[in-house]
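Have a look at the structure below before the remarks.
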Amino acid sequence: MRFRNLVCMKKLGFLLLLVVQLIACTKKPDTIVDTNPTGKINIVIENYAGSQILKLNDEWYKNDNGDSLQISVFNYFISNIKLTRDDGFVYTEPESYHLVRENSSSTKSFTIENIPPGNYKTISFMIGVDSTRNVSGAQTGDLDPNSGMFWDWNTGYIMAKLEGKSPASSGGMVLYHLGGYSGNSNAIRYVSLSKDIPLSDKQSKNIHLKADALEWFKTPTTIKIKDIDVVSANSTKIIADNYADMFSIDHID
Amino acid sequence: MVRKISIVFVLSSIAMIQACKPDPDMDVKAETPLTFNIPQGWPAPNYNYSNNQLSKAGFELGRKLFYDARLSKDNTISCGSCHQQFSGFAQIDHPVSHGINDLVGNRNSPPLFNLNWHTSFMWDGGINHIENQPIAPIQNPVEMDETMTNVVTKLQGDATYRSMFKAAFGDEIVNSQRIAKAFAQFMGMIVSSNAKYDKYKRGEAGGAFTQQELDGYNIYKQNCATCHTEPLFTDFSFRNNGLPPTSVNDSGRAHITLFAADVYRFKMPSLRNLKYTWPYMHDGRFNTIDQVLNHYTTGITQSPTLDTKLSGGMTLTDKQKEDLKAFLNTLNDEEFVKNTMFQEMK
């Protein structure tokens, strides 16, 4: 009798293990239920030319030097976005590479999800693509070289690009392609903007950023288009220093 | 009875564990893996496929792309047009190659082998990664003059390619990154390491050097080894070797860095496979090894960026030149230029 019980128990145990094994084999659901509280932030960008909203191939604008110009292309990378909380915690967006193109409205807003709540004080990012991704081989997504923001003969991304026309240019054109990720021709610039950005669980906040294209032509150096109609390696630093402060936070809602 | 059940249990457990594994038919990438072998005694390569899983399917896709003229604007020129296997993947008898519409550039088509050890690409080193190499000739107006965007569109419209992308990457999506990674699988696998010299170093049959070859090896060590370093026979540096500038006045490395110190510097070519890869130098100005050696003994042009090691030129007797040539001949790898693995698929 005791022997039979033992066998039965073994059988039962065996069945239980079988069930456990079957459960272990069941595919996990694709969405993991995360109990950590998070919110999300939409970055919404509006490009400006001075005080006016930028219109490509349309309006004539005046730069700091008084040169008239029309803008036809205005593109730049925003990458490595970080949000700093009042307690010092820093949220870093994973795979943070965003190509913003004025002629494509879908590129002018994007969402950062899974941000732990709290009182954020600063948003910081890079204009351009970090040196690592410039030397790490073929990339995809916003870093696809087919975007027109990549130099194939001298590997590297065009960090920011402004094209247009101006009567002040001897050839009539303005071609500012800013690239390079090291040394004197490093076109990467860092931006840090402060504003109270309180974010609670399951909340969605919009950070409205303004980027002023005319900042490329002023502070710290006033650009005369007759002197720089096409950016060369020598003028890369001057223009990049100028565009470093083209961003501001318009408002948060 | 108990023991029987235990055995059944153990067996069932094994069966269960097996059942937990993914269906092997679904795992295309792992189906036929490919291994990149580092030849004995060679340093670790610069590119090691850590972000690009090697597979037979990826390699075959890269091979098809390499020989496909549709990668050019008018569908006439493939990579293989100017990088021919019998010529060590250079182009014999062409100082510069003909691109689309017979346009020509300024530089000699470089041979392609042992690329995974290279730290940069092109004579001026403008390309910093093997995966970024193919896009340059594809988009160069005097080479293939096509856009990578159009290449993606052309390949997406081809059912054979779509199935090959699926086999290599798991689905039919064609993009520039996958094209680049497939290229790197094919081109990086092109290794030349079976010349007589290699057999000599490994102590293999067929590797016994003659006295003349041994003498030549010593002359090489005294005169060439600093820059054409063993076992790859290049140190991948950029140097001005004293060639008189031509009317083209190619600034070389300075074209990329814009540094005055880099004017007339070019990337160090390997001494392997010279038999197949003539003409020589960045502009293909020399047809023979004799011309090259005469340059180093009597032709050095002084300039501010001339490599200091060459400022006095080389001193070689006629016999030493013959011995050196005998050694250089041991660097020709017949197996490599005839390896069917690298040929265009029939």
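The structure presented is a predicted model; accordingly, all values stated were derived computationally and were not measured. Chain identifiers are assigned alphabetically (A, B, ...) following the order of the sequence lines, protein sequences preceding nucleic acid strands; residue numbering begins at 1 within each chain.
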Can a salt bridge be assigned to the pair A:Lys161 and A:Glu102 using a cut-off of 4.0 Å between side-chain N and carboxylate O?
no
Looking at B:Asp262 and B:Arg265, is there a salt bridge between them, counting it only when a charged N and a carboxylate O are closer than 4.0 Å?
yes
Would you mind listing every salt bridge (charged side-chain N to carboxylate O under 4.0 Å, His left out) that reaches into residues 142-152 of chain A, with sequence neighbours excluded?
none
Once salt bridge (charged side-chain N to carboxylate O under 4.0 Å, His left out) is applied, what residue pairs with a partner in residues 116-137 of chain B remain, sequence neighbours excluded?
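The answer is B:Arg107-B:Asp124, B:Glu131-B:Lys181.
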Classify the ring geometry between A:Tyr76 and A:Phe247 as parallel (under 30°), tilted (30 to 60°) or perpendicular (over 60°).
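Rings of A:Tyr76 and A:Phe247: perpendicular, as their planes differ by over 60°.
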For residues 133-153 of chain B against chain A, heavy atoms under 4.5 Å, the residues are B:Ile135, B:Ala136, B:Gln139, B:Met148, B:Thr149, B:Val152
Among residues 171-179 of chain B, which ones touch chain A with a heavy-atom distance under 4.5 Å?
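Only B:Asn175, B:Ser176, B:Gln177 of residues 171-179 of chain B have a heavy atom under 4.5 Å from chain A.
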So which part of A:Ser185 gets closer than 4.5 Å to some heavy atom of chain B, the side chain, the backbone, both or neither?
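For A:Ser185, no heavy atom lies under 4.5 Å from chain B.
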Counting only heavy atoms closer than 4.5 Å, note whether A:Asn134 contacts chain B via side chain, backbone, both or neither.
backbone
Beyond-backbone contact of A:Asp241 with A:Thr221, side-chain heavy atoms, under 4.5 angstrom:
no
Provide the closest heavy-atom pair for B:Ser109 versus B:His83 in the form atom of the first, atom of the second, distance.
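Smallest interatomic distance, heavy atoms only, reads OG-CE1, 3.2 Å.
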Under 6.0 Å from the ring centre and within 45 degrees of the ring axis: does the NZ or CZ of B:Lys267 meet both conditions for the six-membered ring of B:Phe121?
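Satisfied, under 6.0 Å and within 45°.
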Without swapping roles, check the side chain of B:Arg162 against the backbone of B:Gln156 for a donor-acceptor pair under 3.5 Å.
yes
Interface moiety of B:Leu258 toward chain A, non-hydrogen atoms closer than 4.5 Å
side chain
